[in-house]
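A short write-up of the structure that comes next.
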Amino acid sequence: MGRDTIADIITSIRNSDMDRKGTLRIASTNITENIIKILLREGFIENVRKHQEGKFFFLALTLRHRRNRKGPCRMSLNLKRISHPGLRIYSNYQQIPRILGGMGIVILSTSRGIMTDREARLERIGGEILCYIW
């Protein structure tokens, strides 16, 4: 039975955000690095560092928190895994969903690599819907 690395990183980021931890460490793979680059570019993550312990590589992430929000008004980072190993969800570029009217992003795995929904619509290609982030 294989591991779902995408679900692991989504769960790690969600748990760290809920606990208001500033940093977290995840295992480094090609898919993980591409997803983290998208999150960094979109502004959900402040900083990423890659380091090695023994023969394994890890990514140290610094999450962006809403510092002025306290109490029940605080908005948390929402991540949802859509396609998983037991059920793959594919979409063409015309049917890629818009999250919160374009405020959130959809991360897709396409034939040209992992990209956001906006990039996939511009290049007019579809693919596997990996996750929603809003």
Quick check against the 3.5 Å criterion: does [X] have a side-chain atom that pairs as donor or acceptor with the backbone of [Y]?
{"X": "Asp17", "Y": "Leu77", "result": "yes"}
{"X": "Arg49", "Y": "Leu61", "result": "no"}
{"X": "Arg14", "Y": "Ser16", "result": "no"}

Residue pairs, two or more places apart or on separate chains, that pass side chain to side chain donor-acceptor pair (under 3.5 Å) and touch residues 95-111: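 Qualifying pairs, neighbours excluded: none.
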Heavy-atom closest contact ([X] atom, [Y] atom, distance):
{"X": "Gly127", "Y": "Leu108", "answer": "O-CD2, 4.0 Å"}
{"X": "Leu100", "Y": "Gly104", "answer": "CB-N, 4.3 Å"}
{"X": "Glu128", "Y": "Ser83", "answer": "OE2-OG, 2.6 Å"}

Pair Arg41 + Glu119: basic N to acidic O under 4.0 Å: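 A salt bridge is present here (some side-chain N lies under 4.0 Å from a carboxylate O).
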Less than 4.0 Å between a side-chain N and a carboxylate O, is that true for Arg118 and Glu42? yes
Testing Thr32, Ile31, Ile38 for side chain to side chain contact (heavy atoms under 4.5 Å, CB included) with Ile35, which one passes? Ile31
Is it true that Tyr93 and Arg121 share a donor-acceptor pair across their side chains at a distance under 3.5 Å?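 No - no donor-acceptor pair under 3.5 Å links their side chains.
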Is Tyr90 reachable from Ile114 through a run of I, L, V, M, F, W or Y residues, each pair having side-chain heavy atoms under 4.5 Å apart? no
Heavy-atom neighbours of Asn30 CG exceed 12 at 6.0 Å: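 No - once you tally the heavy atoms of other residues, nucleotides and ligands closer than 6.0 Å, there are 12 at most.
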Could you identify which residues cluster with Met115, counting Ile, Leu, Val, Met, Phe, Trp and Tyr as linked when any side-chain heavy atoms lie under 4.5 Å apart, either directly or through a chain of such contacts? Ile125
For Ser28, give me all partners under side-chain contact (heavy atoms from CB on, under 4.5 Å), at least two apart in sequence or on another chain.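 Counting only residues at least two positions away or on another chain, Ser28 forms a side-chain contact (heavy atoms from CB on, under 4.5 Å) with Glu33, Lys50, Phe57, Leu59.
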Nearest 0.5 Å please: distance from the CZ atom of Phe44 over to the CG atom of Leu79.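 Rounded to the nearest 0.5 Å, the CZ-CG separation comes to 8.0 Å.
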